[in-house]
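Counting starts at 1 for both ligands and their atoms, in listed order.
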Amino acid sequence: MSRTVYLNGVYMPEEEATVSVFDRGFLFADAVYEVTAVLDGKLVDYAGHAARLTRSLGELKLAKPFTDEELLAIHRELITRNNLEQGGIYLQISRGSEGDRDFVFPKHAAPTVFLFTQAKTLTDPKKGMRVISVPDIRWGRRDIKTVQLLAPSMAKMAAKAEGKDDAWLVEDGYVTEGSSNNAYIVTKDDKIVTRNLSNSILHGITRAAVLKLAAERNMEIEERAFTIEEAQQAKEAFITSATVFVCPVVEIDGVAIAGGEPGPVATRLNDLYIEEGRKAAI
Ligand code: PDD
């Protein structure tokens, strides 16, 4: 069945939504995006995603084309119109177009604002993922959530070509993050280790929430870089994102982690995140 999507102020069937071929999102990947999870028809961690969107727009000097209240209302209207119980909402804002190709930012273009829903089960028990490592060839501002996703897409395809699920990206010998998620290990002495925040990684909204939940339960956290070798010897490994919440990693470059089974820390954090995310969803 056709979805109702939102494009530039209008709710319409997905087949009717069209964007100019000169749109800078299409020609230059000059666009930012967000993905917000939906549970029980409500938005999970919405405030974090809205705040990161504002930051991404600011970093690219893209004007914010709506108020916070308007954006929340659009999300809610899409959930209602599509009867979305579980899944996510994708939002993209590009710099629009002035009807030609030019490296210089257009002065008078209106941004293109596009949102759509994706139905997906998010609460099923996780089997765990097998990942490979690949070089991180992305640009230097990974803290901005832009739609330049060719490098992560190629990383994911490299994993698929080896019959695996995903890729961890490695730069200067250290893991930055997963192709579309933040990466973690649990050390032998039960510390949760994940890369510290910088321009090298996306500042995950799920990451912030999960680290807060862990800290509140007195789990020890170390925000620092780690290598693939350290990860292969860890007690557990896992990833976080708005599309998988907390998902165990059970194999890295052919080496089984936690005996190749989802570990207790990742499983507990996933249960906690779903429980607390549900309570706080709006
Ligand atoms: N990706 N790192 C990268 C490179 C990502 O693309 C994502 C999210 C994350 C996790 O961020 P968050 O917890 O805010 O979802 C980390 C989204 C889900 C995507 O591209 O579909």
>> Side chain, backbone, both or neither: which applies to R142 and ligand 1 if a contact is any heavy-atom pair less than 4.0 Å apart?
In response: neither
> Closest approach of I93 and P111, non-hydrogen atoms and distance?
Replying inline: CG2-CB, 3.9 Å
>> Taking the six-membered ring for Trp, are Y33 and Y90 closer than 6.0 Å centroid to centroid?
In response: yes
> Which atoms of ligand 1 sit under 4.0 Å from any heavy atom of A242?
Replying inline: 12 (P), 13 (O), 15 (O)
>> Under a 4.0 Å threshold between the charged nitrogen and the carboxylate oxygen, would R268 count as salt-bridged to E236?
In response: no
> What is the closest protein heavy atom to atom 11 (O) of ligand 1, and at what distance does it sit?
Replying inline: G204 CA, 3.5 Å
> Can you list the steps and then say if F238 with T267 is a side-chain contact (heavy atoms from CB on, under 4.5 Å)?
Replying inline: CA-CA 9 Å; F238 61 92; T267 304; over 6 Å; no
> What are the atoms of ligand 1, with element, lying closer than 4.0 Å to any heavy atom of H49?
Replying inline: 14 (O)
>> Once you restrict to heavy atoms under 4.0 Å, what part of I205 touches ligand 1? Side chain, backbone, both or neither.
In response: both
>> Against ligand 1, does H203 come closer than 4.0 Å with any heavy atom?
In response: no
> What residue and atom, counting heavy atoms only, is the protein's closest point to atom 7 (C) of ligand 1, and at what distance?
Replying inline: S180 O, 3.3 Å
>> I'd like to check which ligand 1 atoms, numbered from 1 as shown, lie under 4.0 Å from a non-hydrogen atom of S241.
In response: 10 (C), 13 (O), 15 (O)
> In ligand 1, which numbered atoms sit nearer than 4.0 Å to a non-hydrogen atom of Y33?
Replying inline: 6 (O), 19 (C), 20 (O)
> Taking the non-hydrogen atoms of Y90, is any one of them nearer than 4.0 angstrom to ligand 1?
Replying inline: no
> Taking NZ, NE, NH1 and NH2 as the nitrogens, is one of them in R55 or D143 under 4.0 Å from a carboxylate oxygen of the other?
Replying inline: yes
>> So if I apply the salt bridge (charged side-chain N to carboxylate O under 4.0 Å, His left out) rule between E177 and each of R195, R138, R142, which one comes out positive?
In response: R138
> Any idea which protein heavy atom is nearest atom 2 (N) of ligand 1, and the distance to it?
Replying inline: E177 OE1, 2.6 Å
>> I need the minimum non-hydrogen distance between S133 and I228, along with the two atoms involved.
In response: CB-CD1, 3.6 Å
> Looking at E34 and R52, does any basic side-chain N land under 4.0 Å from a carboxylate oxygen?
Replying inline: yes
>> Any nitrogen or oxygen of S179 lying under 3.5 Å from a nitrogen or oxygen in ligand 1? Just yes or no.
In response: no
> Is the shortest distance from a Lys or Arg side-chain nitrogen in K120 or E85 to a carboxylate oxygen in the other one below 4.0 Å?
Replying inline: no
> What is the closest protein heavy atom to atom 21 (O) of ligand 1, and at what distance does it sit?
Replying inline: V35 CG2, 3.7 Å
> atom 17 (C) of ligand 1: which protein heavy atom is closest, and how many Å away?
Replying inline: K145 NZ, 3.4 Å
>> Just to check, does R138 reach to within less than 4.0 Å of ligand 1 when the distance is taken from its heavy atoms?
In response: yes
> Numbering the atoms of ligand 1 from 1, which are under 4.0 Å from a heavy atom of T243?
Replying inline: 18 (C)
> Between K164 and E251, does at least one N-O distance fall below 4.0 Å, as a salt bridge requires?
Replying inline: yes
>> Between L211 and Y184, is the side-chain contact (heavy atoms from CB on, under 4.5 Å) condition met? List the steps.
In response: CA-CA 11 Å; L211 290 184; Y184 307 72; 4.1 Å; yes
>> Show the atoms of ligand 1 that are less than 4.0 angstrom away from any heavy atom in N182.
In response: 10 (C), 16 (C)
> To which protein heavy atom is atom 13 (O) of ligand 1 closest, and what is the distance rounded to 0.1 Å?
Replying inline: T206 OG1, 2.6 Å
